[in-house]
Structure formats: structure tokens, C-alpha cells
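Taking it in order: structure first as C-alpha cells, then the write-up.
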Amino acid sequence: MSIYLYNTLTRHKEEFKPADAKNVRMYVCGPTVYDRPHLGNARSVVVYDVLYRLLRHVYGENHVNYVRNITDVDDKINAAAKANGEPISALTKRVEGWFHDDIAALNCLPPTNEPHATAHIAEMIAIIEKLIAGGHAYESAGHVLFRVESYKDYGRLSGRKLEELIAGSRVEVESYKENPGDFVLWKPSDAGDDPSSVFPSPWGAGRPGWHIECSAMSCKYLGDDFDIHGGGADLMFPHHENEIAQSRCSAPHSHFAKTWVHNGFLTVNGEKMSKSLGNFTTVKNVLDQGIRGEVIRFALLSSHYRSPLDWNEKLIHDAKKTLDGWYRVIKRYYDILNNQSFDNSELDNSEFRAALYDDLNLPLAISSMHIIATSANKIIDNQVAATSLFKLGKFLGLFSLTPDEWFKGNHVIYADTVNFIVNAPEFTAEVSVTNPKIDELVAERLEAKKSKNWARADEIRKMLSSQGIILEDRPDGTTDWRRE
Ligand code: AMP
Ligand code: ZN
């Protein structure tokens, strides 16, 4: 059985055939580290995390090379550091740390390689030199620009014609450009620029354009030809179009990335969530409200990755409700489940597997999990269904907590799959009642019930309920509890 992926380049869903099944290569554009990631950025990271997990499942954990860069030199970074009145290196280091913390809280696996743009300036310069030598780039007014007319396939990925782009003024029109569509490969520094954003080059001190960064880092870690290139749909033009032009012109024998994958937007009231529109919520904002990373992750996976997904209260509420139900199912068998090891070959539900192999159809995969959970609930002893649900959930990066942590935890964020555990004080939401105190009150209520002191029993239930603690009386006379 093969994976099928929708390829933006051909506009078709295609059977995915890596050039080398022992070394499947994927590059995804990573964050520009000038501000904390918002939920739209997180959607992109989470989607490619599932694709990475699927590739590892099919080709083996050690046979997938997933590169996601850190853009740590960029105009936006210079502007933000200036506005904050801090050195660029302090800003980029801090924001990169935030990025890692926030996506770890969403249970994302670290990529195989995470190169920094600032560590690959020499590679960028080498590509620019090749482009100039081949007539694809030229120096003008201290800049080096890519000559778009020198690449006949320019616009193929985005389906845009150069003339239309220029007519629609979608490109910056500067006097030093031969053609308004030409884009920057290297730009000169301004006097007073922070020295950590100034690099020597054959064209004077300056910094690279954004697009050349990804061409250089993908080529260095994956070679001229690789299997998958991903990013959000907003990157299709001009970023990815320009990456293709640069990479193919500097290595004419290559096809660059074969399959181009683009995730749809996370929206707010139908509008793309973005920094510039100001309609964004950071991942940290949501975590700070006491919403678990796993709930955010599941919410972000709940629609098809290519479709828009609107962020709202209902989405979070539904994600939490589903996960509550699933955790309840696995809770019954948790001791058994947790002691089993699930090797990479087990994805034993054929509907789930078929859905994921079919262009990562997550809504369908998730609906097969709902069916399994329903069947687990119908039969009192349904360990088989619970095991299946547990495995599939683990595969999707869920069930990182024990049921006790899920239902009774203090909303501390845990991350089981990555190198860093996020349990810094800043991630711990205020907790008004401690667990031992709740246990004590629950025991007192049971005693009150035994001695027919219904008023006190009721009072305790109400008191706990006002703190978001839900009591669940069992037929055997015991009481369990959970946080809302
Ligand atoms: P940026 O740091 O703005 O370059 O974005 C990092 C990644 O997040 C890119 O792959 C973007 O395409 C993606 N992205 C940004 N905003 C959204 C959004 N609202 N929905 C989905 N992906 C987004
Ligand atoms: Zn990129």
C-alpha cells in the first residue's frame, strides 16, 4: 500500500515514491524567529509532524530525513530587535526557545535537522555566485537580484504568470531592478545595522534574501533533488516559487523538490490568522488559559490539512470533549496498555491507515477512531478496541499523559516525545484546589453519605463543582473525580 499526496506542482494527488526508500527527504520552511508562534504557525508544524510520523511509520524511523530551518536573519528580525531595543542575537535566541517550548507542548517530534540560516551564509553566497555566472542573477546598486526572465518555468508552482504579477503590483517595483519581478538574493546593510546581521560577501557587507536561505539549507542537508517540500499555502508565492527558480538555475540537472505540499490556513472568522492582521492568538496564550497542548494539537488536526480551519471556542470545546471520552476508554485498561510496547509497524486499523495514506485524510482517520471508541464503550470488556484506540492515538501524538494526569492533573504541560519537558512555572495555570485536598473532601463526602448526612454530602459536591471538579459516583459505592 502506498501513500498518496496532493502535489501542488502538478495539481494532482500522486503516489508517493521516494527516490531512496532508505533516505526519504523532506524540507519544511521553519519559523522566522522574531516573535512567539501563533496558532496558524502551529498548524503548519503539527500537520508536517503527522506527515513525518507517517513517513517514519512506512519507511522506518531511521530512514526519514526531516529538515526544518530556523530563519534567524531577516528584515522582520532587524525591525523587531530595533523596536525592542535589544541585540538581534538576544531576540532570535529567546524566540527560538519559545518556539521549541510551544511546539513541544503540542507533542511535535523534533526534526532530524534544524539548521540556522546564519550558519549557512557561505552556502548561500556559493549559490548566488553560480547564479551570476550562469546569467540568472545580476548585481545592481549593492543588491544581487535574481533575473526571473532567465527561468522559463517561473510561475509554474503558483500558476501565476509574470506579467500578471507585475500588472497586479504584487512585487516590489524598484528602480534598480531590470524587471519588477526580479527578487533579492543579497541586500546591502544599512549604516547602524546590528553587526550580527551583517555578513561580508563579494558584493559588500549585507545579508541574504529570505528565499535563498531555504534553497541553501535544503540543498546542504538533502541534496539538489529531494522528495517533499512543505509549508503553508501563503508560501507558495513568492517564497517557494523563488526557491525553485534559484535552486533549479544553480543546479540545472536537478528537479529540486518533487512533491510540494501546502497546508491550508488557520482562520479567525474566515480570515487568515496572521501577525499583520492582528487577529492572532499565540500558542502560549492558549496554554496559559489552562488548555492542554494535546487539545490544541487535536483541534489543529481536526480538518483536512489542505482546507481552512476556523479557530473558535467550539473547536477547542469539541476537541477537549473527544479527548475526554477517549481517555476514559483507555483509562479502563491503562495499566495493561502502558506496559505494552508499540513498535513502528503497528497501525492495525485498516480504515485509519487507508485514510492517512490517502493524502493525510485526518478527518476520516479520526472518524475511524470515534467508531472504535464507540464500540469500546458498548461492550463492558473491550480491551481490543481500547488497545487499538490507544495505538492510533499514540501514532497521532496523543495520549502523552496518563489518564490520571489528564483528568486530575493541574494542567501542567507535559511533552513525552521530545528532548525538552515543558514544565516551567510559566506554563502552570493557577490551581485553586490541590489533589490531596480533593481526595480528602471526596472521602469526607462518602462518609457523610454513609451516615446519611445528605446536606454535607451535597455541600461538598457543590463546593467541588464550583471549582471545576466533577464527581463520578460508581455503582460499587466508590467515587472518582476529574477536573473539567
Ligand atoms: P512565518 O513565520 O510567518 O514565515 O510562518 C511560518 C509557517 O507558518 C509558514 O509555513 C506559514 O505558511 C505558516 N502559517 C502562517 N500563518 C498561518 C495560518 N494562519 N495558517 C496556517 N499556516 C500558517
Ligand atoms: Zn522556506
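Order of listing sets the numbers, starting from 1, for every ligand and every atom in it. Numbering starts at 1 and runs along the sequence shown.
- The side-chain contact (heavy atoms from CB on, under 4.5 Å) check on Lys275 picks up Tyr34, Asp35, His38, Asn41, Phe280, with sequence neighbours excluded.
- Figure legend: cation-pi geometry between Lys272 and Phe265, with NZ or CZ positioned under 6.0 Å from the six-membered ring centre and within 45° of its axis.
- The distance from the Zn ion (ligand 2) to the nearest N/O/S atom of Cys29 is under 2.8 Å.
- One finds an angle of 110° at the Zn ion (ligand 2) between SG on Cys214 and NE2 on His239, to the nearest 10 degrees.
- In this structure, ligand 1 sits under 4.0 Å from heavy atoms belonging to Thr32, His38, Gly40, Asn41, Ser44, Gly231, Gly232, Asp234, Leu235, Asn263, Gly264, Phe265, Leu266, Lys272, Met273.
- Between Phe146 and His136, the ring planes are parallel. Angles under 30° get that label, and only those over 60° would be called perpendicular.
- Residues satisfying the ring pair (Phe, Tyr, Trp, His ring centres under 6.0 Å) criterion with Trp326, sequence neighbours excluded, are Phe298, His370.
- For the pair Arg306 and Tyr6, the cation-pi test (distance below 6.0 Å, angle within 45°) is passed.
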May I have the list of side-chain donor-acceptor pairs in residues 216-223 shorter than 3.5 Å, sequence neighbours left out?
from, atom 1, to, atom 2, distance (Å)
Ser218, OG, Cys214, O, 2.8
Ser218, OG, Ser215, O, 3.2
Lys220, NZ, Glu123, OE2, 3.1
Tyr221, OH, His120, NE2, 2.9

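- One finds no salt bridge joining Arg25 and Asp225 here, because no Lys/Arg side-chain nitrogen approaches an Asp/Glu carboxylate oxygen to under 4.0 Å.
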